[in-house]
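Numbering of residues begins at 1 and proceeds along the displayed sequence.
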Amino acid sequence: MIPILQFDRLAPEDILNRDIQAEEDVSAAVDVVLAEVKAKGDAALKAYTKQFNGVELEDLQVSEAELDGAWKGLDPEFIRTLELAAENIRRFHEHQVHKDFVLTDRPGILMGQRYTPIEKVGICVPSAPAAFPSTILMNVIPAKIAGVREIVVVTPPDKNGAISPEALAAAKIAGADKIFKIGGAQAVAALAYGTESVPRVDKVVGPGGIFVATAKRKVFGQVAIDMIAGPSEILVLADGKSDAAWVAADLLSQAEHDVLASPVLVTDSQELARAVQVEVERQLELLPRREVARRAVDDNGKIIVTDDLEKAVEAANLIAPEHLELCVDDPFALLPRVKNAGSIFLGRSAPEALGDYFAGPNHTLPTSGTARFSSPLSVDDFVKKSSFLYYDQAALSPVAERIAEFARREGLEAHARSVLIRNEKGGNA
């Protein structure tokens, strides 16, 4: 049963312990996979797909025929749902696009900043229990808006060597360029190093388990990555007027993800805490993935009771959750006080699943307390910024001695001379 704890009796380190570092055996296994894929390319990918997914593949890439078949065989009503979700995601992320700027407010000087898309991006999509169409939409669409030239999706096949039609339809709607039937650390390796079939990319994004997270950590520098994602988390901050059944359902919506998931309730009501404790037990028995959810609740679940809502917000900021629900009468009053959270759900009618699938804000979020310094996936993750500047000689000459002095203070004479030489004989424009 999910425990009830008193906030004022907890040390910060007791509230939520979330270490996403890999164990030594995982790290060593990932090293082997990375080396094998780098050395043997497609042959290694096919061998690992047979070992881990139980299927032998002739072709790693999803064909146009497979895409067309998935589209034609899918319920048109669900295709419409995917299209509506994609439309919402596009509408939200289009507002994230930055504009170049140029400063021309001083004679002879021009400077500014420009944004250019990353050329090639690889997107990892987990497959437990099936490849997630929502993750495809959430990752591909911002990359497309940013102007990425080539978007490559990787996700493990099922035992029949296929990708779910829902995932393929999402990839088609979102605009993915290539889809490969590979997963795990080997997929990250393929994207980082390139193989005969899989193009080498410039950045790898998307969630995954500990092997994917460890592989992303290890190839960083060879390619860019978005974040090191840990297990899924939800923190429901609820007052005593909240419905215990609703709160319990929201906690279990994350608990069913993974045995390592963290479902946490913070409330100022002892009565609600006890009611949710009972309701979690009742609803657990109704879930198809109850064994997974049970372990998550027993190992990582908590109900934290505070003296008031101010203390509840303090607890939430300390935990810095991936998902934060504000189930209170006036969530907008609490919103300015929330400092650390990946995505914030306001009010009792905004469950976390709304953001996972449909509303528009991204569901690839910082976990394991990294919301203290990290942000949700966005268009920003798929662009680079370059600054530029221009001085004519008339603008450079008056400041040349100052720049040279600055450089010499740092012991860099060649820097100083590179400026001063332009003042000799008046310089050239």
Side-chain angles (χ1 to χ4, degrees), residues 18-42 44-45 48 60 98 113-126 135 138-140 142-143 146-156 177-178 180 182-231 342 362 364-387:
R18 298 169 293 181
D19 185 0
I20 58 174
Q21 296 287 338
E23 299 293 337
E24 286 186 15
D25 57 343
V26 171
S27 182
V30 169
D31 283 337
V32 171
V33 171
L34 295 178
E36 283 283 304
V37 173
K38 188 174 184 180
K40 299 178 181 177
D42 282 357
L45 294 177
Y48 282 125
L60 297 170
H98 292 283
Q113 183 170 277
R114 62 191 294 259
Y115 294 83
T116 55
I118 293 173
E119 282 285 300
K120 296 183 179 182
V121 169
I123 295 170
C124 298
V125 179
T135 298
M138 292 287 181
N139 284 260
V140 174
V148 174
R149 183 172 61 82
E150 187 171 21
I151 302 170
V152 180
V153 172
V154 295
T155 190
D177 296 296
K178 295 178 180 177
F180 291 91
I182 52 175
Q186 61 270 25
V188 176
L191 294 169
Y193 305 129
T195 71
E196 299 92 331
S197 298
V198 184
R200 177 183 173 182
V201 301
D202 302 304
K203 187 167 187 175
V204 178
V205 304
I210 189 63
F211 286 92
V212 167
T214 303
K216 286 171 70 176
R217 189 193 302 277
K218 287 177 178 288
V219 300
F220 177 64
Q222 181 77 28
V223 292
I225 62 172
D226 53 344
M227 63 184 80
I228 305 295
N362 211 282
T364 301
L365 303 168
T367 61
S368 304
T370 59
R372 293 179 294 111
F373 51 79
S374 296
S375 306
L377 190 80
S378 71
V379 172
D380 288 346
D381 285 282
F382 302 104
V383 296
K384 303 164 284 137
K385 296 179 289 235
S386 298
S387 58

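One distance of note links CG of Asp202 with CD of Glu150; it measures 10.0 Å at 0.5 Å rounding. Rounding to the nearest 0.5 Å places CD1 of Ile182 at 6.0 Å from CG of Leu191. With values rounded to the nearest 0.5 angstrom, Asp381 atom CG is found 11.0 Å from Ile225 atom CD1. For the atom pair Leu60 CG and Thr195 OG1, the distance stands at 7.0 Å (nearest 0.5 Å).
Between Thr364 and Val205 the shortest side-chain heavy-atom distance does not fall below 4.5 Å. Under the 4.5 Å side-chain criterion, counting only non-hydrogen atoms from C-beta, Thr370 is not in contact with Met227. By the 4.5 Å heavy-atom criterion applied to side chains, Phe180 and Pro199 are counted as neighbours.
Qualifying side chain to side chain donor-acceptor pair (under 3.5 Å) partners for Asp177, counting only residues two or more places apart in sequence or in other chains: none. Gln222 is linked by a side chain to side chain donor-acceptor pair (under 3.5 Å) to nothing, counting only residues two or more places apart in sequence or in another chain.
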Please list every donor-acceptor pair under 3.5 Å in which a side-chain atom of residues 114-124 meets a protein atom from a residue at least two apart or in another chain.
unit_1: Tyr115; atom_1: OH; unit_2: Gln113; atom_2: NE2; d: 3.0
unit_1: Thr116; atom_1: OG1; unit_2: Lys384; atom_2: NZ; d: 3.4
unit_1: Glu119; atom_1: OE1; unit_2: Arg149; atom_2: NE; d: 2.8
unit_1: Glu119; atom_1: OE1; unit_2: Arg149; atom_2: NH2; d: 3.4

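The closest donor-acceptor contact from the side chain of Lys178 to the backbone of Ser197 lies at 3.5 Å or more, if one exists at all. Checked by atom type and distance alone, the side chain of Lys216 pairs as donor or acceptor with a backbone atom of Gly206 at under 3.5 Å. Within the 3.5 Å criterion, the main-chain N or O of Asp42 finds a donor-acceptor partner in the side chain of Glu196. No donor-acceptor pair closer than 3.5 Å links the side chain of Asn362 to the backbone N or O of Ser378.
When all heavy atoms are compared, the tightest approach of Tyr193 to Leu34 is CE1-O, 3.7 Å. The minimum heavy-atom distance linking Ala187 with Val154 is given by the pair CB-CG2, 3.8 Å. The two residues Gly342 and Ala371 come nearest to each other via the heavy atoms N-CB, 3.8 Å. The shortest heavy-atom contact between Val125 and Thr155 is O-OG1, 2.9 Å. Between Tyr48 and Val33 the shortest heavy-atom distance is OH-CA, 3.5 Å. Between Arg217 and Ile228, the shortest heavy-atom distance links the atoms NH2-CG2, 3.5 Å.
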So Phe382 and Leu377, side-chain contact (heavy atoms from CB on, under 4.5 Å) or not? Walk me through it. CA-CA 9 Å; Phe382 302 104; Leu377 190 80; 4.1 Å; yes
